[in-house]
Amino acid sequence: MKGSSAMKYIDEFRDGKLARGLARAIAAEADPARSYRLMEFCGGHTHAIFRYGVQDLMPENLKFVHGPGCPVCVLPMARIDQAIAMAVEHGVTLCTYGDLMRVPASERRSLLKAKAEGADIRMIYSTQDALAIARADSGRQVVLFAIGFETTTPPTAVALKVARAEGLANFSVFCNHVLTPPALATILASAGPESDAKPTPGQVELDGILGPSHVSTIIGSRPYEFVPEQFGKPVVIAGFEPLDVMQAILMLIRQVNAGRAAVENEFTRAVTRDGNAKAIALMSEVFELCDSFAWRGLGEIPASGLRLREPYAAFDAERRFPAEVVVAPVVDHKACECGAILRGHKRPQDCKVFGTVCTPDNPIGACMVSSEGACAAHYSYGRWRDEASRVREAA
Ligand code: SF4
């Protein structure tokens with residue numbers, strides 16, 4: 001049966017027996033005399049690790065460090081304030097994805113609260129939905145609040161090409177697309193020592209990187225080759241299923257043990273070295289690098305964001321609806337550790353309000369709102385409770 005064979009394919013990458021075999025191989029090859037600190041770049045990896053209990057199958061000396069690979073989490077508050085201003089002050093119809101609706105803006109506002117107060121903010125499932133809303137009412141200005149890494153950039157490019165071809169004068173894009181390699185470079189530039197020597201404050205200790213999954217299906221594995229070349233750290237591109245993650249961990253351990261650093265690809269069923277040529281060409285036709293983009297937690301990173309190229313400038317929402325007042329950068333809630341978590345410096349349970357004041361029902365920071373956020377992963381799958389009780393028992 002066609003449907004069941006498709007499900008079997010996914011099941012194969014979640015097979016418990018195979019997972020136990022991989023866990024034994026990892027335990028056998030991990031050197032007990034050293035530690036392995038592996039950063040999973042993507043929120044999808046973080047969720048696979050917690051949802052399937054991968055951490056519980058790892059040796060004690062292997063630690064995961066969560067990375068910044070959640071596009072909602074890295075979006076600074078000022079950009080959400082700017083989007084709310086477009087909807088409230090300029091009266092546009094603002095279209096965005098569901099994850100963004102509850103992300104806290106300044107003064108405890110959010111897109112959802114602005115919608116409740118009367119702003120026309122609509123949740124969409126694809127860029128095509130935003131185009132359809134614009135076509136349906138030419139009297140309304142429709143703004144697509146576009147966010148995401150390289151994975152979601154091509155659909156925004158398609159929407160812009162279609163809007164331009166149709167002369168859709170009431171459609172524009174508030175562009176917040178960002179790039180993963182510069183973020184990784186920023187983290188690695190502050191990374192700590194390779195040995196077990198103590199890092200200085202502010203450094204994150206890393207021995208290897210689980211490389212982006214869906215992003216790499218678009219840009220390929222080649223853009224990560226600077227990691228071993230400049231920073232001497234191994235990268236293994238990994239899929240989002242638990243066996244993908246475990247196989248990639250084994251590949252990283254082998255590189256670390258051998259003193260090697262290269263980009264390897266575990267996710268060969270979807271990722272090539274050069275990526276998706278059509279999608280890359282589309283992105284470069286519509287977008288260009290902006291000088292700098294402010295990332296929540298990582299700060300300003302040069303050449304890490306995209307803006308619309310000149311032929312598409314008429315569809316740039318920031319030009320069409322300039323902020324009436326300068327939108328100043330807004331700091332997160334003072335208890336929130338999202339920034340340190342996104343830099344790999346802290347874990348969710350290090351935040352004083354994790355699981356008490358801050359929960360998925362009442363999120364204080366973006367890492368608890370987004371389905372890809374590290375705090376949401378820790379809270380949803382409850383592994384932090386197991387860890388907390390182990391610590392209590394050991395005390
Ligand atoms: S638990 Fe909440 S407040 Fe704390 S770091 Fe995570 S999102 Fe921020």
Side-chain angles (χ1 to χ4, degrees), residues 37 39-51 55 63-81 83-84 96-114 147-149 176 178 183 186-187 190 201-206 294-299 329-392:
R37 296 150 301 195
M39 172 173 272
E40 81 275 8
F41 186 90
C42 292
H45 291 136
T46 309
H47 273 253
I49 288 164
F50 283 94
R51 180 175 177 190
Q55 174 79 74
K63 295 278 175 270
F64 292 110
V65 179
H66 309 315
C70 160
V72 170
C73 305
V74 297
L75 190 70
M77 265 189 196
R79 301 296 281 183
I80 301 167
D81 283 345
I84 291 174
T96 193
Y97 302 113
D99 265 9
L100 262 183
M101 296 291 275
R102 292 190 312 134
V103 176
S106 63
E107 297 168 358
R108 297 191 70 82
R109 292 183 307 163
S110 68
L111 293 171
L112 200 59
K113 284 182 187 161
I147 73 154
F149 297 129
N176 293 274
V178 289
T186 299
I187 288 170
S190 69
Q203 285 186 318
V204 55
E205 302 167 275
L206 290 180
W295 293 55
R296 186 186 292 239
L298 302 182
V330 184
V331 289
D332 289 329
H333 188 286
K334 65 179 184 325
C336 181
E337 300 279 11
C338 277
I341 290 166
L342 292 165
R343 292 193 301 277
H345 291 175
K346 291 194 174 178
R347 296 178 308 161
Q349 56 270 52
D350 296 330
C351 174
K352 286 192 188 112
V353 294
F354 171 77
T356 53
V357 177
C358 185
T359 63
D361 287 338
N362 180 38
I364 303 293
C367 295
M368 189 61 94
V369 176
S370 168
S371 59
E372 292 183 32
C375 296
H378 276 246
Y379 189 91
S380 303
Y381 303 115
R383 306 275 167 195
W384 55 281
R385 291 193 190 93
D386 303 344
E387 196 178 323
S389 57
R390 267 203 302 274
V391 169
R392 274 199 301 278

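When a ligand or atom number is given, it counts from 1 through the structure's own listing order.
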N/O donor-acceptor pair under 3.5 Å between N176 side chain and L75 backbone: no
T356 (side chain) donor-acceptor with V353 (main chain) under 3.5 angstrom: yes
Closer than 2.8 Å to atom 8 (Fe) of ligand 1 - protein N, O or S atoms, ordered by chain and residue number: C336 SG
Spacing of R37 atom CZ and K63 atom NZ [to the nearest 0.5 Å]: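 Nearest 0.5 Å value for the CZ-NZ distance: 11.0 Å.
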Verdict with supporting geometry, S110 and I80, side chain to side chain contact (heavy atoms under 4.5 Å, CB included): CA-CA 8 Å; S110 68; I80 301 167; over 6 Å; no
Pairwise side-chain contact, L111 with T96, heavy-atom cut-off 4.5 Å (strictly under): yes
Ring geometry between H378 and F50 (parallel below 30°, tilted from 30 to 60°, perpendicular above 60°):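 Ring orientation of F50 relative to H378: tilted.
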